[in-house]
A.B. asks: 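Quick one: the structure is below, questions incoming.
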Amino acid sequence: MVGSNHLEQTDPAVYSAIQNERQRQEDSLGLIASENHVSEAVLEAQGSVLTNKYAEGYPDARYYGGCEHVDTVEQLAIDRAKELFGADYANVQPHSGTQANMGVYFAMLDPGDRILSLDLTHGGHLSHGHHVNFSGQLYEVEQYGVDPDSGYIDYDTLADHATEFDPDLIVSGSSAYPREFAYERIDEIAAAVGAYHLADIAHVTGLIAAGLHTNPVGNADFVTASTHKTIRAGRGGLILTTDEYAEQIDKAIFPGSQGGPLMHNVAGKAVGFKEALTDEFEEYAQQVVTNAKTLADTFSERGLSLVSGGTDKHYVLVDLRDSHPDVTGSDAEEALQSVGITVNKNTVPGETRSPFTTSGIRVGTPALTTRGFTQSEMETIGHAIVDIIEHPEDDDVATDVATTVDQLCEAYPIYE
Ligand SMILES: *Cc1c(COP(=O)(O)O)cnc(C)c1O
């Protein structure tokens, strides 16, 4: 269903690029922590005629006629999001996680207000106030980090920092911090300095939806999420909060920072949320974490250092500096790519190399778990990754690993 003969006839160049991408996904092991594979049902919803419809506004309050059916879709997405997370209010229109964060900032802050968030090189996200991003340009930002020895956030230091800086908003959440956030502690720290708490759960949306991780909804003032990482609802963003802030958030998204919602993506969210409300999804999320712990154990046995010594989540962050000081994150990423294993280079706490080079790799399990991989396959992959890191230029090792990759891909197709 991914290929259609209309596309093939109208635009063979795009058609073949899509077919090639599909084949690349099937033929390689995707361990990028922020990627996943949506169901055929979500793909159908996203590739539907809903892309034709303008629906500025919200259900039952639109600026265009003919919205009765997209109203049904958006209301389903909203109701399911509220049910999944136990939220009073959900806005399902943000085009991405970054736009969800923008919505919260625009709703609650004025330019020049202060944000306290996790440093990018310690696992934070561009949209948390990095200087190359709008968030770093519009607001005054200071950042907290992890303890360099333990790799964990030191909440007492964070509390002192908050008292000194007096922020208007504190952001919790990360792209590359392998441990759970103590959301309740950050609620207290934020309350003590009169700041809002925004919990950005982009990476762990699915783990929280499945009840595996602490749910900040109801305690943090705002929760933003992505819908395509550990939950399989297609690309997009989501904002959850209480009725108190509903109107401000709605206005900040539309008309504040977006025009018409992407109704085909909202439909993808509705379908993905329905799937996430099942017992099967809970089992999936549990397996995602078990698989990440298996990778962590395998890496540790083979002598690799992990940031924080392990993981609570769906990925591990390998710090190559101790075990392989001459292998950079980008060396490892390239060597692994050449045998069909896709990971991303990643900065590590105390990073000394540039973000293009880095000293670490982030290795995630959501996509492979969707394919059906369990512990024994993860052990095999873990050993294969270490073999490549230990012998990045050995052709025999590369050939062996590439064969293993081919066998695993064939045994676990993504789309039948
Ligand atoms: C992935 C991510 C986002 C959202 O990213 P988009 O690419 O804009 O959807 C937001 N915050 C964090 C912490 C993330 O890791």
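Note that the structure is predicted; figures quoted are calculated from it, not measured. When a ligand or atom number is given, it counts from 1 through the structure's own listing order.
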A.B. asks: Looking only at side-chain N and O atoms, does Q93 offer a donor or acceptor that is under 3.5 Å from a partner on Q99?
C.D. replies: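 No donor-acceptor contact under 3.5 Å links the two side chains.
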
A.B. asks: Show the atoms of ligand 1 that are less than 4.0 angstrom away from any heavy atom in H228.
C.D. replies: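 Answer for ligand 1: 9 (O).
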
A.B. asks: Below 4.0 angstrom, N of the basic side chain to O of the carboxylate: do K345 and E334 qualify?
C.D. replies: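 Salt bridge absent between K345 and E334.
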
A.B. asks: Considering the heavy atoms of K229, write down every atom of ligand 1 situated less than 4.0 Å from one of them.
C.D. replies: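 Near K229, meaning under 4.0 Å from one of its heavy atoms, ligand 1 has 1 (C), 2 (C), 3 (C), 4 (C), 14 (C), 15 (O).
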
A.B. asks: Can you classify the ring geometry of H203 versus Y315 as parallel (below 30°), tilted (30 to 60°) or perpendicular (above 60°)?
C.D. replies: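 Geometry flag for Y315 against H203: perpendicular rings.
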
A.B. asks: Hey, are T370 and R232 close enough side-chain-wise for a donor-acceptor pair under 3.5 Å?
C.D. replies: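 Indeed, the side chains of R232 and T370 share at least one donor-acceptor pair under 3.5 Å.
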
A.B. asks: Which residue from G97, S226, A33 reaches closest to atom 9 (O) of ligand 1 through any of its heavy atoms?
C.D. replies: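 Residue with the shortest heavy-atom distance to the ligand atom: G97.
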
A.B. asks: Write out the residue and atom name of the closest protein heavy atom to atom 5 (O) of ligand 1, then the distance separating them to 0.1 Å.
C.D. replies: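 Result for atom 5 (O) of ligand 1: H125 NE2, 3.7 Å.
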
A.B. asks: Hey, which atoms in ligand 1 end up nearer than 4.0 Å to a heavy atom of S175?
C.D. replies: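 The list of qualifying atoms is 12 (C), 13 (C), 14 (C), 15 (O).
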
A.B. asks: Note the single closest protein heavy atom to atom 8 (O) of ligand 1, along with its residue, its atom name and the distance in Å.
C.D. replies: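 Protein heavy atom with the smallest distance to atom 8 (O) of ligand 1: T98 OG1, 2.7 Å.
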
A.B. asks: Number the atoms of ligand 1 from 1 as they appear, then name those within less than 4.0 Å of a heavy atom of H203, with their elements.
C.D. replies: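 Near H203, meaning under 4.0 Å from one of its heavy atoms, ligand 1 has 15 (O).
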
A.B. asks: Give me the ring orientation class for Y415 and H37: parallel if the planes are under 30° apart, tilted from 30 to 60°, perpendicular past 60°.
C.D. replies: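 Ring orientation, 0 to 90° scale: perpendicular.
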
A.B. asks: Which pair of heavy atoms, one from I239 and one from A100, lies closest together, and at what distance?
C.D. replies: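 Smallest heavy-atom distance, with atoms named: CD1-O, 3.5 Å.
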
A.B. asks: Any heavy atom of G237 closer to ligand 1 than 4.0 angstrom?
C.D. replies: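 No heavy atom of G237 comes that close to ligand 1.
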
A.B. asks: Against heavy atoms of A202, which atoms of ligand 1 measure under 4.0 Å?
C.D. replies: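 Within the 4.0 Å cut-off of A202, ligand 1 contributes 2 (C), 3 (C), 10 (C), 11 (N), 12 (C), 14 (C).
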
A.B. asks: Angle between ring planes, Y284 versus F281, binned at 30° and 60°: parallel, tilted or perpendicular?
C.D. replies: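 Rings of Y284 and F281: tilted, 30 to 60°.
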
A.B. asks: Starting from atom 10 (C) of ligand 1, locate the nearest protein heavy atom and write down its residue, its atom name and how far away it is, to 0.1 Å.
C.D. replies: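 The answer is D200 OD2, 3.4 Å.
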
A.B. asks: For ligand 1, is any non-hydrogen atom under 4.0 Å from S34's backbone (N, CA, C, O), its side chain (CB onward), both, or neither?
C.D. replies: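 Neither part.
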
A.B. asks: Determine, for E21 against R24, whether the closest basic-nitrogen to carboxylate-oxygen distance falls under 4.0 angstrom.
C.D. replies: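 A salt bridge is present here (some side-chain N lies under 4.0 Å from a carboxylate O).
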
